[in-house]
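Here's the structure, in structure tokens; my notes come after.
Nothing here was measured: the structure is a model prediction, and the numbers come from that model.
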Amino acid sequence: MKGYLDTSPVWPAHHIILTLQEENIKMTGIRLSLQINDAAARDQMQDLLDRMENRQGFFKSVGELMVRSTSDSFRNQRAPDGTPWVSLRPATIRARERKGQLPLTILRSNSKGKSGSALAGSVSSIATNDEVAIGSPVRHAAIHQLGGTINKPARAAKIYRRKNADGQVGRLFVRKEEADVVTDVTIPAHTIRIPARPFLGVSAADERAILEMGIEWLSL
């Protein structure tokens, strides 16, 4: 599945595409449109693009701008429109704290004092003479951008525990190498709901910057 955000309804010939890929989640036919809201700004942008003979350099600059803007979304933990992302679940917070992944950040797990994630670092852009695509090839990118449900089937597993000093089996799980009691269990089928936390998108500031870049590009 490929989900993408496409501004082609605004710029018929030359446009910005925000792309996402997700192979595990069955979500097909996803197409979200982004547009510059101000009609005068839309007309100005289209006029600028129509007057450019070689647009690839401009689109490359737009792509670099949008990648930086996406990094801001991860750092600020907000959607491009400024809406705060949904907070982490209490269970996720507890798991992060046990692993020492502090400070707590959304869509990025801190480890050994370093902040980052495969998703946050995966966003890139590709420019041609007619468009620029900004997106992520990470398999779970789409479900974090759009939200969704994952249906997990039942599966067999093992749990590892240790005996207490009195010989009773402790209630806490331990690592495999620390265990002296191993129990076969069946984890029942369950559903995981992932809230949408948009990180790709065009903010009002991005719109202004893109228009300014178009004007500057024509003046070169």
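In this structure, the side chain of S69 does not engage the main chain of M66 through any donor-acceptor pair within 3.5 Å. Between the R197 side chain and the S87 main chain, a donor and an acceptor come within less than 3.5 Å of each other. Side-chain atoms of D166 come within 3.5 Å of backbone N or O of Q168 as a donor-acceptor pair. Side-chain atoms of R96 come within 3.5 Å of backbone N or O of T105 as a donor-acceptor pair.
Residues P80 and F199 have side chains not in contact (no heavy-atom distance under 4.5 Å, counting atoms from C-beta outward). Using a 4.5 Å heavy-atom threshold, the side chains of I210 and F58 count as touching.
For the pairing with I134, the side chain to side chain contact (heavy atoms under 4.5 Å, CB included) check across V67, V202, L65 returns one residue only, V67. Partner of H144 under the side chain to side chain contact (heavy atoms under 4.5 Å, CB included) criterion, chosen from L200, V138, I106, I194: I194.
With values rounded to the nearest 0.5 angstrom, I192 atom CD1 is found 8.0 Å from R89 atom CZ. Note that OG of S122 is 7.5 Å distant from NE2 of H140, once rounded to the nearest 0.5 Å. The distance from the CG atom of N164 to the CZ atom of R171 is 11.0 Å, given to the nearest 0.5 Å.
Residue pairs meeting the side-chain hydrogen bond (donor to acceptor under 3.5 Å, both in side chains) criterion with at least one member in residues 153-163, sequence neighbours excluded, are K158-D184, R161-T183.
Within 6.0 Å of CD1 in I159 there are more than 12 heavy atoms belonging to other residues, nucleotides or ligands.
Taking the centre of each ring, F59 and W217 stay at or above the 6.0 Å mark.
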